[in-house]
Amino acid sequence: MSFSYNAKVELCRLSPEENCCATAECYGMLLYGNTFSMREIRIVTGNKILGKRIVSLFLSAFKTSFDTMPDEDEPGKQAYIITDSKKIGRIFEVFGFSKENLLAHHVNLGVLENECCIKSFIRGVFLAGGAVTDPSKSYHLELVTDHFNVSRQTYSILLEAGFIPKETSRSGNYIIYFKQSAAIEDFLTFIGAPIHAMELMSAKIEKDVRNTVNRKVNCDTANVSKTVDAAAAQIEIIKKIKASGVFESLPDKLKQAAVLRTENPELSIKELAEISNPPVTKSCMNHRMRKLVDISLQKSKKI
């Protein structure tokens, strides 16, 4: 199962603190579900555990059952439907609306007076219209509805709760989203999924460690490559000096540097300096190598 699916399963284990919380969670589901109209209420989900929660919450909040229920053995997406006009009318009344006069959905903040109800409402929003990506791949959480006013007011509610989400639209839907791991962690904790918030945090730490190791390996590989290339060039210069017949006339210090380089092609200048007898500084060994280069160039010009 996906990370998003399992996060919703964690949320489904929560029991509403009060009856008002059950009502607020249903409110979020209805506004972010598939259909919430005067003719039909329809919530569709492929999560059977969430389906059971929907049934339980509607009984608790509205004392109402669904007119059409899916077969428990039915695979794939399942629809929970109410078409009875009296049931729909009662549900609209709970939220302070008249189904005959409603022009466009909006969030009735009077239903969300308590902090627990705000959390429950946002939980319902996520359960019905939310999704979060696997944090091992990317960081993205979004809440999708086709009601413009609902999206704008949900955005304001999240701002008041201390979140700073972003907004966009796509294919006629209005989307609130987060792309920062810390914000998604806080959001999941806020709505009651701390286990998956911790999983996201762990995935982020693991990814950061992996990236750090990869950067270090790449850097070390690049440094080794530079050392090997530089050593190969220096050995070629030493061969030219020997071929010119002047190697034996070089000062002992330069001859020692040349021998060390020829016998230790894998070592860096710093490491050559350390095994010199006596040991010298990296700067000193660099100076000796440059002298060998100068001698090679002088001999090449004479030739």
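A quick note: this is a predicted structure, and the numbers were derived from the prediction, not measured. The figures here come from the full heavy-atom set of this structure, side chains too, leaving out hydrogens, waters and symmetry mates.
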Novice: Under the rule for side chain to side chain donor-acceptor pair (under 3.5 Å), what residues qualify as partners of D134, not counting sequence neighbours?
Specialist: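 If we apply the side chain to side chain donor-acceptor pair (under 3.5 Å) test to D134, skipping adjacent residues, the hits are S136.
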Novice: Sequence neighbours left out, cut at 3.5 Å: what donor-acceptor pairs do the side chains of residues 108-116 make with other protein atoms?
Specialist:
unit_1	atom_1	unit_2	atom_2	d
N108	OD1	G110	N	3.0
N108	ND2	F95	O	2.8

Novice: Check for me whether the distance between the ring centres of Y174 and H147 falls short of 6.0 Å.
Specialist: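 No: the rings miss the under 6.0 Å criterion.
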Novice: Less than 4.0 Å between a side-chain N and a carboxylate O, is that true for E25 and R53?
Specialist: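 Counted as a salt bridge, because a side-chain N and a carboxylate O are separated by less than 4.0 Å.
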Novice: Just to verify, what does E167 make a salt bridge (Lys or Arg N to Asp or Glu O under 4.0 Å) with, not counting sequence neighbours?
Specialist: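 Salt bridge (Lys or Arg N to Asp or Glu O under 4.0 Å) list for E167, sorted by chain: R152.
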Novice: Here's one to test your reading of the geometry: is the NZ or CZ of K87 within 45 degrees of the ring axis of F62 and under 6.0 Å from its centre?
Specialist: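 Here K87 fails the 6.0 Å and 45° test against F62.
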Novice: Could you tell me whether R90 and E93 have a side-chain N and a carboxylate O separated by less than 4.0 Å?
Specialist: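 Judged by the 4.0 Å cut-off on N to carboxylate O distance, R90 and E93 do not form a salt bridge.
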Novice: Quick one: ring pair (Phe, Tyr, Trp, His ring centres under 6.0 Å) partners of F247, sequence neighbours excluded?
Specialist: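 Listed in chain order: nothing, the list is empty.
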Novice: Transitively linked via ILVMFWY side-chain contacts under 4.5 Å: L158 with V125?
Specialist: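 Yes, it is one cluster - the side chains of L158 and V125 are joined through contacts under 4.5 Å.
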Novice: Between R170 and E142, is there a salt bridge with N-O shorter than 4.0 Å?
Specialist: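 A salt bridge is present here (some side-chain N lies under 4.0 Å from a carboxylate O).
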Novice: For Y80, give me all partners under ring pair (Phe, Tyr, Trp, His ring centres under 6.0 Å), at least two apart in sequence or on another chain.
Specialist: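 If we apply the ring pair (Phe, Tyr, Trp, His ring centres under 6.0 Å) test to Y80, skipping adjacent residues, the hits are F66.
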Novice: Table please: side-chain donor-acceptor pairs of residues 176-192 below 3.5 Å, with sequence neighbours left out.
Specialist:
unit_1	atom_1	unit_2	atom_2	d
K179	NZ	H140	ND1	3.1
T189	OG1	E185	O	2.9

